[in-house]
Protein chains: 2
Amino acid sequence: MVQRGTTRLDASFAALSDATRRGVVEQLGRSDASITDLAERFQMTLTGMRKHVGVLERAGLVSTKKVGRVRTCQLGPRRLEEETAWLERYRRRWDERFDELDRVVDELTRKEKSDERRNRK
Amino acid sequence: MVQRGTTRLDASFAALSDATRRGVVEQLGRSDASITDLAERFQMTLTGMRKHVGVLERAGLVSTKKVGRVRTCQLGPRRLEEETAWLERYRRRWDERFDELDRVVDELTRKEKSDERRNRK
DNA sequence: CCCACGCTGAACCATATGGTTCAGTATTTA
DNA sequence: TAAATACTGAACCATATGGTTCAGCGTGGG
């Protein structure tokens with residue numbers, strides 16, 4: 001059994017699991033944009049885009065501010081450090097496992113060779 | 001308009017958006033495990049765990065092999081480089097935007113100071 | 001003052017997700 | 001050979017997701 005309940009990573013990874021939302025984030029990396037701008041660029045209704053932006057907001061990747069009738073979206077407060085750290089930890093583990101496998105293969109290869117030598121005698 | 005359709009990132013980020021699945025991956029980073037092992041550790045039916053493992057498999061984070069009646073799970077072929085790259089790109093963008101904001105604040109501060117000087121005259 | 005603009009909320013829809021139970025099948029083990 | 005083990009597939013359920021339409025509502029320009 002193990003500790004459960006890290007809802008922050010849940011939200012950010014879920015937010016990133018949609019191509020449209022990743023696109024929106026990339027766009028906002030270049031310049032701020034209104035809901036209308038984004039809806040146009042991603043060929044979607046305002047309502048649909050508003051939902052995506054909502055998801056990104058809740059995950060902290062985007063923040064918005066309404067001035068007059070325009071809601072302007074920009075990159076949000078979160079820098080995704082936790083997420084990056086998770087992925088890096090995974091890769092380290094993956095490399096370890098891979099190295100381990102390498103060592104095993106090496107050992108088997110060595111063993112084979114010495115077996116060959118034995119057989120030649 | 002923009003290119004859509006990067007289903008690989010979709011699958012891996014979606015796979016990582018669930019705490020149980022992240023837990024499974026972490027576990028497999030420590031040692032291989034059967035479905036039964038994982039189901040026990042995460043307090044879930046075999047069927048439920050099998051589904052999670054299926055999701056991870058489809059995303060390439062886990063690979064499995066059935067020997068006799070036991071299915072053994074281990075870390076999969078993908079090293080999540082694309083995913084890490086995406087996050088790093090995001091962070092770079094984020095830092096740029098932040099620096100930009102800093103510069104603007106700096107400028108405003110400078111302006112204020114010179115205004116003060118002007119007012120003192 | 002009026003109309004176009006930008007957005008929003010509610011309702012709806014189809015499909016996906018995260019879980020279960022139950023009834024198998026195949027493989028060990030005693 | 002019988003019983004226990006390990007998994008699997010189908011069916012089901014509740015809720016979430018990704019989208020739409022439609023009817024507003026506040027704002028701003030002419």
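Reminder, nothing fancy here: chain letters follow the sequence lines and each chain counts from 1. Being a predicted model, the structure only gives us computed values, none of them experimental.
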| query | Between Gln74(B), Glu57(B), Arg50(B), which is the residue that forms a side-chain hydrogen bond (donor to acceptor under 3.5 Å, both in side chains) with Thr64(B)? | reply | Glu57(B)

Is [X] close enough to [N] that one of its side-chain N or O atoms is under 4.0 Å from OP1 or OP2 there?
{"X": "Arg21(B)", "N": "dG18(C)", "result": "yes"}
{"X": "His52(B)", "N": "dT17(C)", "result": "no"}
{"X": "Arg50(A)", "N": "dG6(C)", "result": "no"}
{"X": "Thr47(A)", "N": "dT8(C)", "result": "no"}

| said: Is there a side-chain contact between Val25(B) and Trp86(A) in this structure, where contact means two heavy atoms from C-beta onward sitting under 4.5 Å apart? | reply: yes

| Student check: side-chain heavy atoms of Leu87(B) and Leu16(A) closer than 4.5 Å | yes

| said: Heavy-atom nearest nucleotide on DNA chain C for Ser34(A) versus Lys51(A): which residue maps closer to 5'? | reply: Ser34(A)

| Which sits closer to the 5' end of DNA chain C, Met49(B) or Arg58(B), going by the nucleotide each is nearest to? | Arg58(B)

| NA contact type, Ile35(A), heavy-atom cut-off 4.0 Å: base, sugar-phosphate, or nothing? | sugar-phosphate

| request: Using a heavy-atom cut-off of under 4.0 Å over every strand shown, decide if Gly48(A) touches base, sugar-phosphate, or nothing. | output: base

| request: Return yes if a side-chain donor-acceptor contact under 3.5 Å exists between Asp10(A) and Thr7(A), otherwise no. | output: no

